[in-house]
Amino acid sequence: MSDMKIKSLIAETFLEVADVLETGQYGKKPVIGFASEGSEHGEDNITRAMELAEAKGLKAVLIQGEDIHKQMEVMLDSGEIDAAVTMHYPFPIGVSTVGKVITPGIGKPMYIATTTGTSDTDRVCGMVKNAIYGIIAAKADGVEHPTVGIANIDGARQTEKALLKLKEQGYDICFAESARADGGIVMRGNDLLMGTPDIMVMDSLTGNLMMKIFSAYTTGGNYESLGFGYGPGIGDGYERLIMIVSRASGAPVIAGAMEFATNLVNHNWKKVAAAEFAAAKKAGLEAILEEIAAAGKKDTSANEAVTAPPKEICTAQIPGIEVMDLEDAVHALWKEGIYAESGMGCTGPIVLMADDKRDRAYEILKNAGYVG
């Protein structure tokens with residue numbers, strides 16, 4: 001054996017030892033493939049991304065071929081690469097991506113669950129699943145006990161009720177508390193900027209918008225310079241680790257996506273995903289999702305004309321009602337002889353009534369499924 005070959009083997013051995021010390025795992029570095037479909041910033045951007053990945057100590061390879069996604073899938077399924085980064089991919093229904101950003105408040109990482117794809121055709125069911133997907137991504141990225149918050153958007157309150165029920169039934173989920181004075185699991189815009197929760201739950205269209213803002217707010221919008229991309233596609237039983245970036249993603253974000261992918265492989269993301277899905281199902285996830293879907297198809301009797309009881313001064317309020325259910329909730333109280341009005345508080349929609357009617361009103365709304 002030549003001296004050059006011996007030196008090469010010695011160098012490889014030292015690199016493997018360094019990897020074991022860094023990751024706690026023995027073996028070669030995860031290989032991350034990059035299937036570029038054409039960056040808006042040209043070939044130089046891709047070259048720079050590969051250079052940044054190498055500087056981070058990552059092992060990245062360019063995927064080439066006439067049908068680049070087909071080639072990517074072949075390489076993933078054969079084990080030639082452990083994960084792939086690409087600029088677009090048609091995930092099946094049930095799979096969506098969890099992005100990772102750096103929030104501007106204190107430079108804290110936060111996972112956006114989710115950012116592309118469709119977890120479920122029902123909005124609230126999708127957001128409940130997104131919370132679990134976010135937990136999987138965070139844990140597989142090395143966050144042992146990630147906290148979860150829900151963005152204050154349509155479906156937030158129903159999602160909150162479902163996740164609280166899942167926790168009560170045994171699923172280990174740690175909720176964040178809003179940094180605003182009135183607290184709560186439902187997060188405000190301030191919490192997005194501060195990175196209050198480790199995981200911010202929302203629908204994928206809103207998440208996609210948030211990713212673009214967080215990634216490019218320092219550049220004027222046309223160049224995504226910050227963060228780790230739109231993240232891995234996660235779904236129950238989904239086996240391929242495919243990370244999404246945008247055609248507007250700059251070299252730092254592409255390299256960040258490769259780093260994110262490497263962490264997921266090193267922490268055995270498949271094992272983490274299987275354990276979380278099993279735990280959620282054991283806690284009754286499927287029954288909760290069925291209940292949400294059935295409620296979405298409830299009859300329209302609540303929309304029938306109802307005469308309001310005599311007007312009273314309304315100084316008490318009940319929050320936590322979806323904006324789309326607000327008038328139905330008011331009518332449900334009218335049917336029971338309680339005068340109520342709809343309003344908008346600082347945390348979202350509210351129903352107002354007289355002080356002495358609040359407790360009874362809450363029970364009525366709770367029994368009707370409008371509040372938790």
Side-chain angles (χ1 to χ4, degrees), residues 96-116 123-124 126-128 130-135 137-138 141 143 145-164 167 173-221 224-231 253 256 260 317-326 342-352 371-372:
S96 58
T97 59
V98 178
K100 183 181 176 184
V101 300
I102 301 296
T103 55
I106 56 173
K108 177 182 178 290
M110 183 173 68
Y111 300 87
I112 303 290
T114 59
T115 61
T116 66
R123 178 183 179 82
V124 177
M127 288 174 64
V128 172
N130 289 351
I132 297 168
Y133 295 3
I135 291 169
D141 198 31
V143 183
H145 303 290
T147 57
V148 175
I150 306 164
N152 192 15
I153 56 176
D154 286 353
R157 293 299 180 178
Q158 290 167 286
T159 302
E160 177 187 23
K161 285 190 287 183
L163 292 178
L164 285 170
K167 181 180 176 68
I173 179 171
C174 180
F175 291 108
E177 187 81 7
S178 172
R180 294 298 300 275
D182 44 3
I185 299 169
V186 175
M187 304 284 117
R188 266 68 98 200
N190 316 66
D191 296 302
L192 273 160
L193 296 174
M194 291 186 285
T196 300
D198 294 313
I199 301 156
M200 186 71 80
V201 176
M202 58 190 74
D203 66 283
S204 63
L205 288 176
T206 306
N208 192 273
L209 175 65
M210 290 297 103
M211 286 301 303
K212 294 182 188 308
I213 292 171
F214 276 107
S215 299
Y217 73 92
T218 62
T219 68
E224 295 177 0
S225 63
L226 300 172
F228 302 82
Y230 298 70
V253 171
F260 192 1
Q317 60 178 262
I318 297 174
I321 300 166
E322 287 294 339
V323 66
M324 299 300 289
D325 293 333
L326 197 55
S342 60
M344 189 64 68
C346 63
T347 61
I350 56 173
V351 172
L352 299 113
V371 294

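This chain uses plain numbering: 1 for the first residue, then up along the sequence.
Counting only heavy atoms from C-beta outward, the side chains of Thr103 and Leu192 never approach each other to under 4.5 Å. Side-chain contact between Leu205 and Arg123 is absent, with no heavy-atom pair separated by less than 4.5 Å. The shortest side-chain heavy-atom distance between Thr159 and Asn130 does not fall under the 4.5 Å cut-off. Asp141 has its side chain within reach of Phe260: a pair of non-hydrogen atoms, C-beta onward, lies under 4.5 Å apart. Side-chain contact between Tyr230 and Lys212: present, with at least one pair of heavy atoms (C-beta onward) separated by less than 4.5 Å. Proximity of Asp325 to Gln158: side-chain heavy atoms (C-beta onward) are separated by under 4.5 Å at one or more points. Inter-residue side-chain proximity for Val143 and Tyr111 is flagged as met; some heavy-atom pair is nearer than 4.5 Å.
Separation of atoms OG (Ser215) and CZ (Phe228) is listed at 10.5 Å; rounding is to 0.5 Å. With rounding to the nearest 0.5 Å, the separation of CZ in Arg180 from CE in Met194 is 8.0 Å. Here the straight-line distance linking atom CD of Glu177 with atom CG of Asp182 works out to 9.0 Å at 0.5 Å rounding. Atoms OG and CD1, on Ser225 and Ile102 in that order, are 11.5 Å from each other to the nearest 0.5 Å. In this structure, Thr116 OG1 and Met211 CE are separated by 9.5 Å, a value rounded to the nearest 0.5 Å. The line from CE of Met202 to CE of Met127 is 8.0 Å long, rounded to the nearest 0.5 Å.
Judged purely by atom type and a 3.5 angstrom limit, Arg188 uses its side chain to pair as donor or acceptor with the backbone of Gly183. Counting only distance, with no hydrogens or angles, the side chain of Thr147 and the backbone of Pro197 share no donor-acceptor pair below 3.5 Å.
For Val128 against Ala162, the heavy-atom pair with the smallest separation is CG2-CB, 3.6 Å. In terms of heavy-atom proximity, Met187 sits nearest to Gly184 at CE-O, 3.4 Å. Minimum heavy-atom separation, Ile150 to Met200: C-SD, 4.2 Å. The minimum heavy-atom distance between Gly149 and Ala176, with the atom names listed, is N-CB, 4.5 Å.
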* **Residue pair Arg157, Ile321: steps toward the side chain to side chain contact (heavy atoms under 4.5 Å, CB included) verdict** => CA-CA 6 Å; Arg157 293 299 180 178; Ile321 300 166; over 6 Å; no

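No hydrogens or angles considered: a donor-acceptor pair under 3.5 Å links the side chains of Thr97 and Thr115.
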